[in-house]
2 protein chains.
Amino acid sequence: MHLTASQIRQDLNCFGGFGQQGYGYNVSELRKEIGRILGVDKHRKTILIGAGNLGTALAVHINFEKSGCSLIGIFDSNKKIVGNPLGKLTITDIDDLEKFCRENKPEVAVLCIPKSVTKEIVDRLTELGVRSFWNFSHYDINVEHKNIIVENVHLGDSLLTLSYGVNNNLDNDK
Amino acid sequence: MHLTASQIRQDLNCFGGFGQQGYGYNVSELRKEIGRILGVDKHRKTILIGAGNLGTALAVHINFEKSGCSLIGIFDSNKKIVGNPLGKLTITDIDDLEKFCRENKPEVAVLCIPKSVTKEIVDRLTELGVRSFWNFSHYDINVEHKNIIVENVHLGDSLLTLSYGVNNNLDNDK
DNA sequence: TAGATTGTTAATCGATTAACAATC
DNA sequence: TAGATTGTTAATCGATTAACAATC
């Protein structure tokens, strides 16, 4: 993984001492501890907004539980696909978002929606108590309201990084 | 963008001087220069391997030209979807990969395929002269053969980062 | 000349690496 | 005791920030 032993020891010490000097690490215990730090033992209720190509891909391929998230709802504004099954869930009308959230209190939202509607959706969701966003839209969520956690995934930027690498013969796989 | 003026000047100077002291930058010229550095003015022939949910999402939503790439072929092993249209292209049988590459000489490949077949596909593509990979599979491409450029996108890692942020109340939007 | 803005050098900061003490 | 391995401090490296010279 391109990491030195020294770096691993330093990093682990940010969270505490997990090994025994002269003896080593209990690997399975260490693994569990790291999992706890990352929060993979949680089941945070998560909803997906937007069941287009990307939303569908994520709903099908991402193992949410593996990251401590539990996908409990999928929403879309397209009435033609509302009611359709997607994985183990059924696509719900975005108009029912408020009702659903008041009843189920999700904490995390995955945003697979166009830039133009993202601000409105984020406003509605924060109002409803959602504090964490996995954001695939091109809109940059404005964290004026602190205590909100955002993980942006801008795939276009990633392709641009590759393009730079191609044009400058860089091995950026580190 | 959370950048200081100093940082921008430093970064620009890695590539040369683009402004005039006391006067400023010619913004549209600077923009063009940065574009050239990133290679967005190129039209590198690009193929997409795997037309599942994720591959479809990328084919539809990503503006390849904007990053200097030109999508010229889409391949899948599923005979049921071979021949189907996808965007402006038609899904081609993966068995025709060699023929297509010898004729069209693509430089970049987007990998939306399962981990299990990635090594084989990468071997075939490098043999055919493809040197750059935008890799969405979970397989870590082994760059033993230098001169190969890889940009990995592991969406699961991104969700795990969010999970850590949620559990430790970190604002990681910087 | 005064004000403004870039280019470049120096200072600061943080992260990586190396060294070594502690311990089995 | 010798060898091995973690925890922790010190040294090194690189990137960010600050300072200032150059220029309009």
Side-chain angles (χ1 to χ4, degrees), chain A residues 1-41 140-143 146 149-154 157-174, chain B residues 1-41 140-144 146 149-154 157-158 160-174:
Chain A
M1 286 170 74
H2 305 285
L3 297 170
T4 64
S6 218
Q7 192 171 353
I8 288 172
R9 291 205 301 279
Q10 282 280 18
D11 288 356
L12 289 179
N13 271 57
C14 294
F15 299 100
F18 302 102
Q20 197 148 17
Q21 288 180 328
Y23 183 76
Y25 296 99
N26 179 329
V27 175
S28 75
E29 262 311 311
L30 177 60
R31 194 189 165 83
K32 264 186 229 161
E33 286 289 350
I34 293 171
R36 269 190 284 269
I37 291 166
L38 292 172
V40 302
D41 53 336
D140 251 338
I141 295 176
N142 198 342
V143 196
K146 280 294 167 197
I149 293 147
V150 180
E151 175 73 13
N152 291 300
V153 182
H154 295 326
D157 294 357
S158 171
L159 180 56
L160 209 49
T161 302
L162 178 64
S163 177
Y164 173 70
V166 173
N167 280 279
N168 298 275
N169 255 75
L170 298 180
D171 178 8
N172 57 329
D173 177 45
K174 281 208 181 162
Chain B
M1 288 170 71
H2 306 285
L3 298 169
T4 64
S6 217
Q7 192 171 354
I8 289 172
R9 292 205 300 280
Q10 281 281 16
D11 287 356
L12 289 179
N13 271 59
C14 294
F15 299 101
F18 301 103
Q20 198 150 18
Q21 287 179 331
Y23 183 76
Y25 295 100
N26 180 328
V27 175
S28 75
E29 262 312 311
L30 177 61
R31 194 189 164 83
K32 266 185 227 161
E33 286 288 351
I34 293 171
R36 271 190 282 271
I37 291 165
L38 293 172
V40 302
D41 53 335
D140 251 337
I141 295 177
N142 198 342
V143 195
E144 80 252 36
K146 279 293 168 196
I149 294 147
V150 180
E151 175 73 13
N152 290 301
V153 182
H154 294 328
D157 295 356
S158 171
L160 209 49
T161 302
L162 179 63
S163 178
Y164 173 70
V166 173
N167 281 279
N168 298 276
N169 253 75
L170 298 180
D171 177 8
N172 58 329
D173 178 43
K174 282 214 179 158

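So that the names make sense, note that chain A is the first sequence line, chain B the second, and so on, each numbered from 1. In what follows, every heavy atom counts, from backbone to side chain, and hydrogens, waters and symmetry copies are set aside. Since this is a predicted model, take the numbers as computed values, not measurements.
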Visitor: Base, sugar-phosphate, or nothing: which does B:Thr4 touch, judged by heavy atoms less than 4.0 Å apart?
Guide: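 It contacts sugar-phosphate atoms only.
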Visitor: Do any of residues 17-29 of chain B sit with a heavy atom less than 4.0 Å from DNA chain C, and if so which?
Guide: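 Output list: B:Gly17, B:Phe18, B:Gly19, B:Gln20, B:Gln21, B:Gly22, B:Gly24, B:Tyr25.
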Visitor: Check whether any side-chain heavy atom of B:Asp140 lies under 4.5 Å from a side-chain heavy atom of A:Met1, and answer yes or no.
Guide: no
Visitor: CG/B:Asp41 to NZ/B:Lys32 distance, rounded to the nearest 0.5 angstrom?
Guide: 11.5 Å
Visitor: Are the side chains of A:Glu33 and A:Leu12 in contact, using a 4.5 Å heavy-atom criterion?
Guide: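 When only atoms from C-beta onward are counted, A:Glu33 and A:Leu12 do not touch, as no gap falls below 4.5 Å.
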Visitor: Looking only at heavy atoms, which two atoms of A:Asn167 and B:Leu38 are closest? And how far apart?
Guide: ND2-O, 3.6 Å
Visitor: Output, in order, the C-alpha distance, side-chain angles, deciding distance and verdict of side-chain contact (heavy atoms from CB on, under 4.5 Å) for A:Leu162 and A:Ser158.
Guide: CA-CA 6 Å; A:Leu162 178 64; A:Ser158 171; over 6 Å; no
Visitor: What distance do B:Tyr164 atom OH and A:Ile149 atom CD1 have between them, rounded to the nearest 0.5 Å?
Guide: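 So the gap between those two atoms works out to 11.0 Å.
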Visitor: Find the distance between CD1 (A:Ile141) and CD (A:Glu151) and round it off to the nearest 0.5 Å.
Guide: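 Spacing of CD1 (A:Ile141) from CD (A:Glu151) equals 11.0 Å.
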Visitor: Using 0.5 Å steps for rounding, measure from the CZ atom of A:Phe18 to the CD1 atom of A:Ile34.
Guide: 7.0 Å
Visitor: Does D:dT23 pair with anything, Watson-Crick or G-U wobble, both distances under 3.5 Å, and if so, with which nucleotide?
Guide: C:dA4
Visitor: In sequence, state the C-alpha distance, the side-chain angles, and the governing distance for A:Tyr25 and A:Arg31, and then conclude on side-chain contact (heavy atoms from CB on, under 4.5 Å).
Guide: CA-CA 10 Å; A:Tyr25 296 99; A:Arg31 194 189 165 83; over 6 Å; no
Visitor: Kindly state which residues belonging to residues 7-16 of chain A come within less than 4.0 angstrom of DNA chain C, counting heavy atoms of the residue only, listed by number.
Guide: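 Correct list: A:Gln7, A:Arg9, A:Gln10.
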Visitor: Provide the start and end nucleotides, 5' to 3', of the part of DNA chain C that has atoms under 4.0 Å from heavy atoms of chain A.
Guide: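 For DNA chain C, the relevant span reads C:dT16 to C:dC24.
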Visitor: Applying the Watson-Crick and G-U wobble criteria at under 3.5 Å, what pairs with C:dT17? Answer none if nothing qualifies.
Guide: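 D:dA10 - that is the nucleotide pairing with C:dT17, both distances being under 3.5 Å.
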